[in-house]
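See below for the structure under consideration.
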Amino acid sequence: MEFKTKLVAKHDEASGTKTFIFEKPTDFEYQAGQYLHYTLPELKYPDPRGATRHFTLSSSPTEPTISFTTRIRQESGYKKTFDELSIGAEVDVRGPSGVFVLEDEHTTTPQVMIAGGIGITPFRSIIKYVTDKNLQIPIQLIYSNSIPEEITFKEELDNLMASHPNIRVAYTITKPEESTVPWNGLTGRIDANFIHSLLSTLHSPIFWLCGPPAFVDTM
């Protein structure tokens with residue numbers, strides 16, 4: 001499906017991270033965890049990769065708008081241009097695409113979602129969908145960032161965990177010494193021992209993984 005949509009809002013989500021929110025066409029449907037291609041009408045700053053990028057939808061199909069969340073890299077002419085879009089600006093969209101989605105909404109098999117940095121976006125979409133639909137899928141999210149200021153959707157994830165006993169979230173920080181705020185939670189990189197310590201009571205879980213290439217390779 002190809003369509004035009006308008007930017008209706010944008011806001012900071014965490015340090016260096018923003019969410020861009022768009023109108024959702026009435027006939028547009030997607031699955032939590034899928035992505036869209038966004039094409040800008042023009043680039044204000046040069047970018048060798050051109051005016052089109054794909055981003056995972058951080059919104060849930062249960063929400064009235066569609067959105068994506070990304071780290072704003074100053075070296076990316078595309079992202080700098082997107083960051084300077086005015087509210088009401090139109091972009092061309094194509095999709096949805098992707099198979100990083102729930103195969104069974106009624107499964108009771110535990111789902112372990114391991115995220116690094118901005119890799120949280122499909123998991124936010126899926127967890128929001130699961131809780132909005134009141135599905136009883138057991139989910140353990142393990143989320144790693146360098147510093148606590150970079151934890152994206154933390155307040156929302158904490159609230160969802162508090163109100164839905166089937167959702168559990170564990171954050172870990174790998175460079176707490178570089179933070180300007182205190183951190184009393186888990187620290188260190190995710191490894192086999194780290195995972196086993198959190199999953200000792202889970203039986204035959206399904207593992208999901210999303211994050212930067214180096215993080216994915218390590219996992």
- [ ] Treat each ILVMFWY residue as a node, draw an edge where side-chain heavy atoms are under 4.5 Å apart, and state whether Phe100 and Phe215 are in one component.
- [x]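 Shared cluster, no.
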Open item on the list: Applying a strict under-4.5 Å side-chain criterion to I, L, V, M, F, W and Y, I'd like to know whether Phe123 and Met219 cluster together.
Closed with: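 Different hydrophobic clusters.
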Side chains of [X] and [Y]: does their closest heavy-atom pair fall under 4.5 Å?
{"X": "Thr19", "Y": "Asp12", "value": "no"}
{"X": "Ile114", "Y": "Phe207", "value": "yes"}
{"X": "Thr70", "Y": "Thr121", "value": "no"}
{"X": "Asp47", "Y": "Ser76", "value": "yes"}
{"X": "Tyr143", "Y": "Ile173", "value": "no"}

Task: Within 6.0 Å of CG in Asp104, more than 12 heavy atoms from elsewhere - done: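 It does: Asp104 CG has more than 12 such atoms within range.
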- [ ] Assess whether atom CD of Glu103 is packed by more than 12 heavy atoms of other residues, nucleotides or ligands within 6.0 Å.
- [x]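 12 or below, so no.
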Is [X] reaching over with its side chain to a backbone N or O of [Y], donor-acceptor style, under 3.5 angstrom?
{"X": "Gln34", "Y": "Gly98", "answer": "yes"}
{"X": "Asn159", "Y": "Glu155", "answer": "yes"}
{"X": "Arg168", "Y": "Pro165", "answer": "no"}

TODO: List for me each residue that meets side chain to side chain donor-acceptor pair (under 3.5 Å) alongside Thr180, sequence neighbours excluded, and say none if there are none.
DONE: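 Applying side chain to side chain donor-acceptor pair (under 3.5 Å) to Thr180 gives Glu149.
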Task: Contacts of type side chain to side chain donor-acceptor pair (under 3.5 Å), residue Asp132, not counting sequence neighbours - done: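 So Asp132 forms a side chain to side chain donor-acceptor pair (under 3.5 Å) with Thr62, Lys128.
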Task: Smallest separation among heavy atoms of Thr69 and Ser58, with atom names - done: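 In terms of heavy atoms, the two residues are closest at OG1-OG, 2.8 Å.
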- [ ] Heavy atoms only: give me the nearest Ser67-Ser59 pair and the separation to one decimal.
- [x]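 Here Ser67 and Ser59 meet closest at N-OG, 3.1 Å.
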- [ ] Could you grab the distance from atom CD1 of Ile120 to atom CG of Leu141, nearest 0.5 Å is fine?
- [x]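 So the gap between those two atoms works out to 4.5 Å.
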Task: Leu57: hydrophobic cluster co-members (side-chain, 4.5 Å) - done: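 Direct or chained contacts put Leu57 with Met1, Phe3, Leu7, Phe20, Phe22, Phe28, Tyr30, Leu36, Tyr38, Leu40, Leu43, Phe55, Ile66, Phe68, Ile72, Tyr78, Phe82, Leu85, Ile87, Val91, Val93.
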Between [X] and [Y], does any side-chain N to carboxylate O distance fall below 4.0 Å?
{"X": "Lys154", "Y": "Asp158", "value": "yes"}
{"X": "Glu84", "Y": "Lys44", "value": "yes"}
{"X": "Glu156", "Y": "Arg124", "value": "yes"}

TODO: Test Ile137 against every option in Ile206, Thr107, Thr109 by the side chain to side chain contact (heavy atoms under 4.5 Å, CB included) rule and name the one that passes.
DONE: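 By the side chain to side chain contact (heavy atoms under 4.5 Å, CB included) criterion, Ile137 pairs with just one of Ile206, Thr107, Thr109: Thr107.
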